[in-house]
Amino acid sequence: MICRYVAAAYTCPVMSETTVLPADAHPHPLLGQLSALNHYRTYVDIGVVVVVLALTNLIAHFTTPWANVVTVPLAAAGLVALVRSRGLGWAELGLGREHWRSGAGYALAAVVLVASVIAIGVALPWTRPMFMNDHYATLSGAFLASMIIIPLQTVIPEELVFRGVLHGAMTRAWGFRGVAAAGSLLFGLWHVATSLGLTSSNVGFTRILGGGVAGMVAGVVLAVVATGAAGFVFTWLRGRSGSLIAPIALHWSLNGLGALAAALVWHVST
């Protein structure tokens with residue numbers, strides 16, 4: 001029995017009994033240092049991802065047309081490989097098999113909801129001009145964009161980065177509230193470059209916001225707010241379902257079905 005009091009958490013070879021650590025025992029200082037180091041590495045990972053995204057956005061939209069095609073998908077693949085090498089698991093990236101079923105269920109509900117809202121918007125005369133985007137003036141072009149270009153160039157890479165890589169890293173650092181706030185803001189800012197020509201290429205927005213510099217600024221602000229709000233919904237779906245399938249489906253339905261609706265409105269109007 002004497003060996004019980006000699007060293008805590010050591011087994012007595014005679015009695016085969018294990019002592020219990022005292023209630024007031026403090027963890028070893030090394031554990032605190034390791035925890036701080038892990039937090040520091042997480043912040044470094046987040047910083048690297050944000051810098052890579054900023055550079056990717058600039059290269060994709062302000063260099064050559066080919067850069068716009070390949071830069072974002074390549075950056076997404078590279079960032080996924082990076083955080084995997086840093087210890088982020090498939091489930092943390094939203095790619096775990098255990099959440100496929102719940103992700104598919106939320107995905108179906110999201111697509112049906114968006115399709116219904118778009119159908120109502122196309123049917124109403126005062127909202128129909130909002131769909132008249134010059135980029136999707138033909139049915140063939142809109143179909144190609146909806147089924148191939150938008151999923152591969154925009155939706156899947158962006159969701160891998162924002163609801164996969166950033167979501168997983170930020171959850172480790174700040175939890176869901178941090179992801180919802182910072183991730184949504186970054187997603188809104190990500191769309192500044194693509195919204196610079198929003199009012200000049202959309203008949204409905206030009207009528208409402210006007211043209212020129214003032215119209216362009218208003219379009220950028222509107223796009224950042226709208227995509228930031230969409231990013232919050234995508235993040236909620238990602239957290240609720242545990243899978244990237246749901247936000248990918250919602251993101252595609254907003255862009256892909258929107259492109260098809262635009263072509264339909266142009267076809268009917270001309």
Side-chain angles (χ1 to χ4, degrees), residues 41-96 103 135 144-174 178-198 220 223-224 226-228 230-235 237-239 243-256 259:
R41 289 187 59 183
T42 301
Y43 297 143
V44 169
D45 292 342
I46 294 172
V48 169
V49 172
V50 171
V51 170
V52 170
L53 284 177
L55 293 175
T56 299
N57 199 295
L58 292 175
I59 294 171
H61 297 103
F62 298 105
T63 56
T64 66
W66 277 107
N68 189 31
V69 174
V70 301
T71 304
V72 178
L74 288 178
L79 288 174
V80 169
L82 173 65
V83 296
R84 282 288 295 153
S85 70
R86 302 280 287 177
L88 215 64
W90 291 118
E92 291 179 287
L93 290 170
L95 299 172
H135 297 299
L144 177 65
S146 176
M147 298 302 169
I148 298 177
I149 297 175
I150 289 175
L152 298 181
Q153 186 179 333
T154 302
V155 173
I156 295 176
E158 287 184 0
E159 292 306 311
L160 279 174
V161 172
F162 286 95
R163 259 62 64 179
V165 173
L166 274 177
H167 189 105
M170 287 182 174
T171 298
R172 284 189 172 188
W174 305 311
V179 176
S184 300
L185 175 62
L186 289 172
F187 191 64
L189 295 175
W190 170 261
H191 290 84
V192 169
T194 56
S195 61
L196 291 175
L198 179 65
V220 170
V224 170
T227 52
F232 178 83
V233 176
F234 296 158
T235 300
L237 271 178
R238 162 71 171 86
S243 173
L244 280 183
I245 297 175
I248 285 175
L250 178 58
H251 196 162
W252 172 82
S253 60
L254 290 171
N255 290 18

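The model shown is predicted, which means the values in this text are computed figures rather than measured ones.
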Could you grab the distance from atom CG of L144 to atom CD1 of I150, nearest 0.5 Å is fine?
9.5 Å
NE2/H191 to NE2/H61 distance, rounded to the nearest 0.5 angstrom?
8.5 Å
Rounded to the nearest 0.5 Å, how far does CD of Q153 lie from CD1 of I148?
12.0 Å
Check the angle between the aromatic planes of W190 and F162 and answer parallel, tilted or perpendicular using the 30° and 60° thresholds.
perpendicular
If I compare all heavy atoms of G164 with all of L244, which pair ends up nearest, and what's the gap?
N-CD2, 3.9 Å
Could you give the side-chain donor-acceptor pairs of residues 62-73 under 3.5 Å, partners two or more places apart or in another chain?
| from | atom 1 | to | atom 2 | distance (Å) |
| --- | --- | --- | --- | --- |
| T63 | OG1 | I59 | O | 2.2 |
| T64 | OG1 | A67 | N | 3.3 |
| T71 | OG1 | A67 | O | 2.4 |

I'd like to check the side-chain hydrogen bond (donor to acceptor under 3.5 Å, both in side chains) partners of N255; sequence neighbours left out, ordered by chain and number.
none
Determine which pairs satisfy salt bridge (Lys or Arg N to Asp or Glu O under 4.0 Å) with at least one residue from residues 46-70, sequence neighbours left out, and list them in order.
none
Return the set of residues passing salt bridge (charged side-chain N to carboxylate O under 4.0 Å, His left out) with E158 (not counting sequence neighbours), or none when no residue passes.
none
Heavy-atom closest contact (G239 atom, H167 atom, distance)
N-CE1, 4.3 Å
Minimal non-hydrogen separation, G256 against S146, with atom names
O-OG, 3.1 Å
Show me the side-chain donor-acceptor pairs of residues 46-55 shorter than 3.5 Å, one per line, residues at least two apart or across chains.
none

In a table with atom names and distances, give each donor-acceptor pair under 3.5 Å that connects a side chain of residues 78-95 to protein atoms at least two apart or in another chain.
| from | atom 1 | to | atom 2 | distance (Å) |
| --- | --- | --- | --- | --- |
| R84 | NH1 | L88 | O | 3.0 |
| S85 | OG | L82 | O | 2.5 |
| R86 | NE | D45 | OD1 | 2.7 |
| R86 | NH2 | D45 | OD1 | 3.0 |
| E92 | OE1 | G89 | N | 2.9 |
| E92 | OE1 | R172 | NH2 | 3.0 |
| E92 | OE2 | R172 | NE | 2.8 |
| E92 | OE2 | R172 | NH2 | 3.4 |

What is the minimum heavy-atom distance between A246 and L237, and which atoms define it?
O-CD1, 4.0 Å
Show me the pairs that pass salt bridge (Lys or Arg N to Asp or Glu O under 4.0 Å) and involve residues 47-72, at least two apart or across chains.
none
Ignoring hydrogens, what is the shortest heavy-atom contact between T42 and A169? Give both atom names and the distance.
CG2-O, 3.3 Å
Straight-line distance of I248 CD1 to R238 CZ, nearest 0.5 Å
10.5 Å
Could you tabulate the donor-acceptor pairs under 3.5 Å formed by side-chain atoms of residues 179-188, not counting sequence neighbours?
| from | atom 1 | to | atom 2 | distance (Å) |
| --- | --- | --- | --- | --- |
| S184 | OG | A180 | O | 2.5 |
| S184 | OG | F232 | N | 3.2 |

Minimal heavy-atom distance between S243 and G103, with the atoms involved, is CB-CA, 3.9 Å
